Amino acid sequence: DVTQSEIYNTSSNDTLTVNEIAAILKPIAAESFEIIYKSARQSDNSMIHLDNAKIILANPNFSFTKIEDGISKIMAKPPTE
């Protein structure tokens with residue numbers, strides 16, 4: 001029952017891979033970067049699904065920010081002079 005805990009997942013319920021997040025980051029990052037893949041560790045999660053049902057239940061009119069918009073706001077480059 002989602003109402004039993006005081007923890008809220010603020011996820012969009014979208015499933016994104018690291019490659020998809022990197023594709024969003026590349027055009028807006030201040031510096032270029034390369035992804036270096038390493039072998040998986042035993043402690044790595046192959047997938048994580050966060051359920052945002054509780055936050056929606058508590059705030060029916062809540063609207064999530066699209067991941068692209070949120071990353072753009074966080075990574076906003078300072079104006080150039």
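This one's a predicted model, so the numbers in the text were calculated from it and none came from an experiment. Heavy atoms only: backbone and side chains are in, while hydrogens, waters and symmetry mates are out. We're numbering straight along the sequence, starting at 1.
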- Search all heavy atoms of F62 against all heavy atoms of I56 and return the closest pair with its distance. O-CD1, 4.4 Å

Review item, side-chain donor-acceptor pairs of residues 18-27, under 3.5 Å, at least two apart:
from : atom 1 : to  : atom 2 : distance (Å)
N19  : OD1    : Y37 : OH     : 2.2
E20  : OE1    : T17 : N      : 2.7
E20  : OE1    : T17 : OG1    : 3.4
K26  : NZ     : F33 : O      : 2.5

- If you look only at pairs with a residue in residues 34-44, which of them pass as a salt bridge (charged side-chain N to carboxylate O under 4.0 Å, His left out), with sequence neighbours excluded? R41-D44

- Item | Summary of side chain to side chain donor-acceptor pair (under 3.5 Å) pairs that have at least one residue in residues 55-71, sequence neighbours excluded |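 For residues 55-71: none.
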
